[in-house]
Amino acid sequence: MTTTGNSVLSRLQLAYSRPLLQRCSEIENIIHSAGTQELKNALPSILSNIFGFGSEVGWQLHSISRGYNLQEFECARRFLGSEGPLLSLVYNLQTDVTLMYEFPLHHIPGPSRQIIEEGNIPYFYINKLQTQGYGSHLILLSAFEYYMFHFAHCLLNWQNLAWNNLTDNLFPCLLDDYLNYFLPLNKSTLPPVPHQQSPIRSPVIHSKMCSPGGKTTTSPRTFGLLKASFIASQKQHSQNSSVLGQSEADVWRSETLLQIFIEFWLNQNAIDSDKSMISPTHMYMSHQHIFSHFTEHFMPSLEHVRLVRMMIKHVHHFVNTASHDIIPSPYQTHPMSPLDEFKRSIIPNMLQKNMYAFLRHSFDRWPLDNSFRMVLETWLTYIQPWRYTSRLPSTRRDSEGDTKLVEEKWFTFIEDNLLFYSVLLQEFFNRVKRMDLMNLANSHMLYRVAKVFRLENLDSMLRQAEQEMCTSIYRSSGHMTRDLGGSYLSPESSLMFHSQISDLEKPGFQYTLMFGEKTLYSVKQVLQQLQQVKTQIQYQQGSKPVRSGLAGFFSGLFDDNSVAVGDLTPNDAKKLHKFLDECIKNLCFIYDLPETKYFITTNNTQDNSYHGNLSYNTDLDDTCPDITETCNGVSLTDIGRYQVINKMKRFEVMYSGDPDLQPIRSYENATTVRLLHQFCSYINTQFSNEIQTVYERRDLIGRLAQVYFAPAIPRDKKPSSPISGKNLDELRRPKLRLRFLASYSTMLYLAILFVFLNVWLGVGPLQYVLLLLGCTLFFGFLRALVTSS
């Protein structure tokens with residue numbers, strides 16, 4: 001290395017030790033003052049120091065935010081921006097086609113690395129891989145590829161990311177900057193770069209299908225899985241011209257950016273790792289042999305998934321800004337610009353396969369917690385391209401429910417991506433069966449999915465797409481009664497569907513019809529689960545003790561009419577009700593099921609709100625088993641037992657019993673509940689006979705006792721469930737009940753009243769207690785007089 005080169009490296013080492021603001025300024029001065037020959041040797045050192053490659057810690061780009069230090073954020077964003085000094089250097093170095101940088105093989109994604117170690121070459125690395133002696137491999141990259149490899153790779157090294165707002169953190173802002181610059185939404189051309197010789201291009205991964213005669217053919221359709229025109233144009237230019245046209249050079253840069261992001265962020269767990277490779281002997285290798293090497297699974301972080309979703313949304317916007325219809329007629333032959341051809345090829349040729357593998361792995365292995373919401377939203381983002389048709393970045397924000405009708409022009413996209421709708425929906429139903437739908441976040445996830453698939457015209461297009469793909473199955477019975485036969489090579493499905501399944505799924509995969517019997521059975525299980533949750537909610541909403549006796553007297557003053565469910569607030573409980581009802585309604589609509597079968601009619605009588613024993617709502621005569629009334633409550637007849645055993649009919653299960661013995665609720669103070677229960681138990685035990693005697697008197701004293709003491713079940717009311725005579729007599733005895741005082745709402749109201757009286761009249765604690773007792777006796781006396789009249 002020359003003396004000048006050593007001088008540049010020395011200056012860089014000194015700049016690395018400076019604070020961030022000074023560091024960016026000094027490195028920028030070095031870039032502007034040094035020559036290209038010296039800087040090309042310094043680029044690996046600069047990128048390693050920035051992105052933390054190898055032994056370098058890096059600049060910790062994930063922790064730089066606006067709120068923490070605005071000056072550092074703006075300085076680093078300008079330095080690393082798409083038109084900043086560092087990328088300007090990369091663009092200048094890119095003009096030298098002989099300049100290559102080595103990227104370590106062990107830092108590329110595991111599936112690609114395994115394929116290379118097996119002696120094959122993934123498509124993406126065809127023109128990047130060199131083999132040395134003893135089977136060692138080198139990955140050689142141009143300056144632009146080298147920079148983007150570092151940028152994409154650093155995301156995989158960061159642990160415990162927590163970005164509250166993507167727009168406030170440096171790395172997501174840089175990603176947004178690169179996407180807007182290289183994939184612009186409001187421009188008809190890409191940004192120009194210095195004129196350069198033809199770059200070494202990696203072909204876009206594409207799918208082929210073989211005719212029965214063995215000839216390779218491509219589909220005449222212009223938007224789908226089977227495309228080759230873009231690849232053919234690449235080969236033609238690379239073979240017949242030493243220099244690319246300016247627009248095609250710009251397309252290469254944008255294409256490379258997307259390929260690198262997809263490779264590093266979506267290709268960590270490939271479903272079928274031996275598909276995307278080139279080798280004369282790979283067709284003889286065992287699939288199981290290759291799969292046996294992938295024992296470790298990469299789990300992306302939540303912020304990783306958020307950035308993937310951000311990229312998918314931008315890709316949809318970019319693809320939908322094509323100057324022509326993105327789904328033109330198969331008979332159109334008008335020439336397209338390289339940019340439009342690139343837009344048309346992104347989803348089917350670059351994104352689809354890796355995106356499916358990414359989602360499939362996440363659906364299968366993501367923990368059963370609320371963080372799955374981001375994976376779910378990423379899936380819904382991909383399968384709804386119609387939501388991202390605006391050309392202006394200012395209108396890119398999407399809101400739920402802004403699209404109610406899916407236009408017919410999107411049918412081709414749906415058909416080309418059918419597995420994203422059918423297979424992943426079935427995988428999601430399998431997750432739902434293991435989820436707690438009493439959790440608001442979980443029920444909201446199911447609500448989001450049901451709402452999307454409920455979009456007008458979407459279900460009909462999905463049925464049509466699946467019917468065209470599996471014509472023989474539909475023809476055999478007139479409706480969906482069978483799944484796709486023993487393997488994906490079954491002749492019962494279309495040739496294009498074979499290609500889609502073999503491209504996206506692993507060998508031996510069996511396709512299950514989205515509207516077939518197995519899926520329908522799974523949907524019914526989910527609906528039954530929703531019905532059970534609604535029953536549980538109804539039980540919990542009726543779990544507050546009946547306001548009888550002294551509690552009934554105070555109900556007018558301190559009653560909290562809002563009903564909580566478990567740990568949910570009353571407002572969240574209302575949302576949960578809405579989500580569950582909408583889920584049932586939408587799923588029944590999608591699969592043509594009767595809604596009335598899964599909706600629960602609420603019984604408003606308070607007699608079913610007691611807890612401790614099973615109680616059956618017998619108001620629904622058409623759904624309840626045959627019963628008869630006895631002195632101890634209702635009882636099943638022989639016919640009713642037969643109906644229950646064979647699951648022909650069932651009760652709406654609730655509970656009855658002593659309201660003082662119900663589980664402690666989230667709106668109650670546990671210590672206060674126990675203390676009040678011990679006090680009341682002592683009074684009721686010691687003075688049981690006296691309370692009973694006073695309660696049965698017919699004079700004013702008896703009516704006053706009926707205000708403060710009341711049984712759980714009045715004598716003139718029949719029990720709503722079978723109960724022993726001993727327990728029934730116990731529930732009909734009048735008792736003192738003070739559990740209502742343990743409610744947080746009651747305690748809050750009493751505290752507010754004390755503060756008010758203390759500030760206004762100077763009432764102390766003892767005076768306040770005596771005042772409450774006096775008011776209780778006085779208003780109890782008035783109520784007893786009103787009752788007698």
Side-chain angles (χ1 to χ4, degrees), residues 368-373 376 400-401 432-451 454 526-547 551 554-588 595-596 598-612 614-615 617 619-620 652-657 659 661-670 672-673 739-749:
L368 284 171
D369 55 25
N370 298 338
S371 63
F372 184 73
R373 168 72 186 275
L376 187 76
E400 294 182 6
V432 169
K433 297 173 189 176
R434 295 174 287 157
M435 289 165 52
D436 177 19
L437 295 182
M438 283 289 291
N439 183 289
L440 183 63
N442 291 340
S443 62
H444 185 256
M445 283 191 276
L446 180 58
Y447 164 76
R448 287 282 293 121
V449 174
K451 184 178 181 181
R454 172 64 173 80
V526 172
L527 288 171
Q528 291 175 358
Q529 184 179 354
L530 289 169
Q531 191 179 31
Q532 292 172 0
V533 172
K534 285 179 65 65
T535 302
Q536 186 176 356
I537 292 175
Q538 184 176 342
Y539 152 62
Q540 292 197 15
Q541 286 185 327
S543 63
K544 297 174 71 174
V546 177
R547 300 302 189 182
F554 274 94
S555 63
L557 297 175
F558 304 116
D559 189 20
D560 184 9
N561 292 325
S562 59
V563 182
V565 177
D567 295 331
L568 298 178
T569 64
N571 188 36
D572 288 341
K574 292 180 181 179
K575 291 182 180 179
L576 182 61
H577 263 297
K578 173 189 173 184
F579 292 156
L580 297 177
D581 289 339
E582 290 296 323
C583 288
I584 293 176
K585 184 185 301 182
N586 291 335
L587 289 177
C588 289
E595 293 182 19
T596 54
Y598 299 99
F599 273 103
I600 298 176
T601 303
T602 304
N603 182 21
N604 294 323
T605 59
Q606 289 186 335
D607 299 309
N608 289 331
S609 62
Y610 303 104
H611 307 279
L614 287 177
S615 171
N617 180 2
D619 294 341
L620 304 178
E652 179 186 338
V653 181
M654 303 181 72
Y655 293 88
S656 65
L661 299 180
Q662 63 177 317
I664 297 175
R665 304 303 175 192
S666 60
Y667 55 82
E668 295 177 322
N669 182 275
T672 307
V673 169
R739 181 166 175 169
F740 69 96
L741 294 175
S743 171
Y744 285 117
S745 59
T746 303
M747 296 168 67
L748 177 62
Y749 295 146

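All figures in this text were calculated on a predicted structure; none of them were measured in a lab. The first residue in the sequence is number 1, and the count goes up from there.
The two residues K575 and L440 come nearest to each other via the heavy atoms CB-CD1, 4.0 Å. Between M438 and V533, the shortest heavy-atom contact is SD-CG1, 3.6 Å. For the residue pair E668 and P663, the shortest heavy atom distance occurs at OE1-O, 4.4 Å. Heavy-atom minimum distance, S443 versus L437: CB-O, 3.6 Å. Residue N442 comes nearest to D436 through the heavy atom pair ND2-O, 3.0 Å, listed as atom of the first residue, atom of the second, then distance.
Listed by chain and residue number, nothing satisfies the side chain to side chain donor-acceptor pair (under 3.5 Å) test with N439 (two or more places apart in sequence, or in another chain). With sequence neighbours excluded, the residues satisfying side chain to side chain donor-acceptor pair (under 3.5 Å) with D369 are S371. For L368, the side-chain contact (heavy atoms from CB on, under 4.5 Å) criterion is met by R431, R434, M435, not counting sequence neighbours. Judged as a side-chain contact (heavy atoms from CB on, under 4.5 Å), and not counting sequence neighbours, the contacts of K578 are Y447, E582. Looking at residues two or more places apart in sequence or on another chain, you find no side chain to side chain donor-acceptor pair (under 3.5 Å) involving K585.
When each of L527, V449, L446 is tested with C583 by the rule side-chain contact (heavy atoms from CB on, under 4.5 Å), just one qualifies, namely L446.
Interatomic distance, R454 CZ to L587 CG, rounded to the nearest 0.5 Å: 11.0 Å. Considering NZ of K451 and NE2 of H444, their distance stands at 8.0 Å, rounded to 0.5 Å. Note that OG1 of T535 is 10.5 Å distant from CG of L530, once rounded to the nearest 0.5 Å. R665 CZ to Y744 OH: the interatomic distance, rounded to the nearest 0.5 Å, is 14.0 Å.
A distance-only check finds a donor-acceptor pair linking the side chain of T746 to the backbone of F740 [under 3.5 Å]. Although no hydrogens or angles enter the test, the distance criterion places a donor-acceptor pair under 3.5 Å between the side chain of Q529 and the main chain of V432.
Taking 4.5 Å as the limit, some side-chain heavy atom of K534 sits within range of a side-chain heavy atom of D581.
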- Message: As a quick check of understanding, evaluate side chain to side chain contact (heavy atoms under 4.5 Å, CB included) for L741 and T672, giving each step before the final call.
- Response: CA-CA 8 Å; L741 294 175; T672 307; 5.6 Å; no
